[in-house]
Each structure stands twice: as structure tokens, then as C-alpha cells.
Amino acid sequence: AQTVTQSQPEMSVQEAETVTLSCTYDTSESDYYLFWYKQPPSRQMILVIRQEAYKQQNATENRFSVNFQKAAKSFSLKISDSQLGDAAMYFCAYRSLRTDKLIFGTGTRLQVFP
Amino acid sequence: NAGVTQTPKFQVLKTGQSMTLQCAQDMNHEYMSWYRQDPGMGLRLIHYSVGAGITDQGEVPNGYNVSRSTTEDFPLRLLSAAPSQTSVYFCASSTPYEQYFGPGTRLTVT
């Protein structure tokens, strides 16, 4: 069975600085998707970024980028030029293309200080 | 286009009561799923469906039933509520590339 591990329960960053959130996963599959979701206090789940496992190039979305290391089964999220609105819970998730199941990590709470 | 809707937003049940959490989507997605979110546990998959008439168990299915009679609707039933089912419940509708989550239902079982 696949597992997703986020080893940082909490992180903090100063406004305008850069922060990296860690995620590792375990799978025997070769094709899958990886996601980072943001959950603000409103509880809504918001897709931040997606990475297809077959793509070697790391995904980027504006200030958000990932470092995808397939062999190491690592998928970290880098937030550049952090803003107060980035404060939220961040969840890493793995989607099996064989079963369609989406498995989440336990989340990292990010605080942003002015 | 409403996306994924869930009702109710909040619910308080007594132990042993039954209820159904409703979920509907208007995007014609085949794949739908239910998650529960507990503090420190992330989102855990309860049940999922890959199309009308097809459902399967996720990580934490005990105490919950589902059915999928139409593409649009995927209700989650609690037959006999227990305090351990106090949680926030999310329904999601998916393509392979993205999951669309409902706003969640906060359920308290006393």
C-alpha cells in the first residue's frame, strides 16, 4: 500500500522569504500523480501544484515550485516570496493511476510572520 | 456550475443515531470519494466510487455505507453513529489530474 509522510508538523517563515515543505512517499508503482494542497482556515481544499511522475521537469506555478526526486520518492514544495496569505495547512498527496485512490500526508501547518 | 456540494455543513448526532451526508457534483465526473479529516491525521479515504453502481472501500470504511445510483450523487450513510465518528467529512469529485472538494461537513457525535 502507498503511504505519504510529512515529517514537519509545523513550519514558519518570514514574509518575503522562502520556505520548503518536505514530503516523502512509498510506492511500488511507476506511474502516479503527486499533489500539494493548501487548506486555509476556511477548510476549503485548494490545489497548489501537481506533478506527473513520468515528467522529469519539476512543476512550477508562480511562486510555488516542487523538487521531485522520483528515485528518492521525495516531493518537496518551495514557496518563494512568502505572503501572509500563504499561512495555512499544506497537504502532500499521492494518486495511484492504477486504483485512482488519493492518499494524503498528515499535513504541515505553515505560519507566515510579518 | 456549482462544482461539489455537500449538505449539511454542520450536524450534531447522539450516539446510535443514523444519518446521511449528501454529496452532489455537476461536472459529470466518474470518480467520487469521501474523506474524513481528524486533527493530526490528514485526510483519510473512507469509500470511493469509479462510476454509477460501483463502490469500494478506502482506508477507514468501518461504520459507513455508500451507494452510487447516479453519476451526480454519492451519499455517505452512518448507520449507528459513534463518538469516534466525530470529524470533518469531505466529498470529492475527480478527474485523473485534479480533485474538486466540497466545503466539508463538521459532524459531532455526543
Side-chain angles (χ1 to χ4, degrees), chain A residues 1-10 21-27 29 31-55 59 61 75 77 88-110, chain B residues 2-11 21 23 25 27 29-51 54-61 66 68 74 87-108:
Chain A
Q2 296 84 22
T3 59
V4 178
T5 301
Q6 292 179 251
S7 58
Q8 305 155 317
E10 291 191 1
L21 308 184
S22 300
C23 174
T24 59
Y25 59 95
D26 189 29
T27 184
E29 299 175 341
D31 288 327
Y32 47 87
Y33 292 148
L34 296 166
F35 303 87
W36 278 98
Y37 282 91
K38 172 184 178 182
Q39 187 181 43
S42 67
R43 220 165 58 192
Q44 185 66 40
M45 296 291 287
I46 302 165
L47 178 65
V48 175
I49 200 164
R50 172 182 61 238
Q51 175 78 45
E52 292 91 336
Y54 67 86
K55 290 186 177 179
E61 287 288 341
F75 182 60
L77 174 70
M89 283 290 290
Y90 286 82
F91 292 97
C92 177
Y94 169 102
R95 181 153 198 186
S96 166
L97 293 185
R98 183 175 60 84
T99 65
D100 282 331
K101 287 183 182 180
L102 184 67
I103 306 297
F104 285 86
T106 52
T108 296
R109 181 174 302 282
L110 178 66
Chain B
V4 180
T5 58
Q6 285 183 242
T7 55
K9 285 191 167 51
F10 300 94
Q11 183 70 49
L21 306 185
C23 175
Q25 53 99 1
M27 296 171 283
H29 292 161
E30 294 294 330
Y31 187 91
M32 295 184 73
S33 49
W34 277 101
Y35 298 87
R36 60 177 289 173
Q37 183 177 21
D38 302 297
M41 301 289 287
L43 278 76
R44 292 182 291 168
L45 181 64
I46 304 171
H47 285 286
Y48 66 101
S49 169
V50 298
I54 307 169
T55 64
D56 206 347
Q57 297 180 348
E59 302 170 77
V60 288
V66 293
R68 184 96 179 270
F74 190 43
S87 188
V88 178
Y89 291 84
F90 287 95
C91 178
S93 167
S94 307
T95 70
Y97 305 104
E98 190 167 355
Q99 294 74 42
Y100 299 82
F101 288 87
T105 296
R106 181 176 292 278
L107 175 68
T108 302

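So you know, we letter chains A, B, ... as the sequences are listed, proteins then strands, and number each from 1.
- Interatomic distance, B:Leu43 CG to A:Met89 CE, rounded to the nearest 0.5 Å: 9.5 Å.
- Rounding to the nearest 0.5 Å gives a distance of 6.0 Å between CG of B:Asp56 and NZ of A:Lys101.
- Residues A:Tyr37 and B:Gln99 have side chains that bring a donor and an acceptor to within less than 3.5 angstrom of each other.
- Side-chain contact check for A:Arg95 versus B:Ser94: some heavy-atom pair is nearer than 4.5 Å.
- With a 6.0 Å radius and a threshold of 12 heavy atoms from other residues, nucleotides or ligands, A:Arg43 has its CZ atom above the threshold.
- Heavy-atom pairs under 4.5 Å with chain B peak, among A:Glu52, A:Gln39, A:Gln6, A:Arg109, at A:Gln39.
- Contact annotation for A:Arg50: only side-chain heavy atoms (C-beta onward) come within less than 4.5 Å of a heavy atom of chain B.
- Going from atom CD of A:Gln44 over to atom CZ of B:Phe90 covers 7.5 Å, rounded to the nearest 0.5 Å.
- Proximity of A:Ile103 to B:Arg44: side-chain heavy atoms (C-beta onward) are nowhere separated by under 4.5 Å.
- In this structure, chain A has no heavy atom under 4.5 Å from any part of B:Tyr100.
- Of the listed residues (A:Leu102, A:Thr99, A:Ile46), the one with the most heavy-atom contacts under 4.5 Å to chain B is A:Leu102.
- Between the side chain of B:Tyr31 and the main chain of A:Asp100, a donor-acceptor pair closer than 3.5 Å is present.
- A distance of 14.0 Å separates OH in B:Tyr97 from CG in A:Leu47, rounded to the nearest 0.5 Å.
- To the nearest 0.5 Å, the span separating OG1 on A:Thr106 from CD on B:Gln37 amounts to 11.0 Å.
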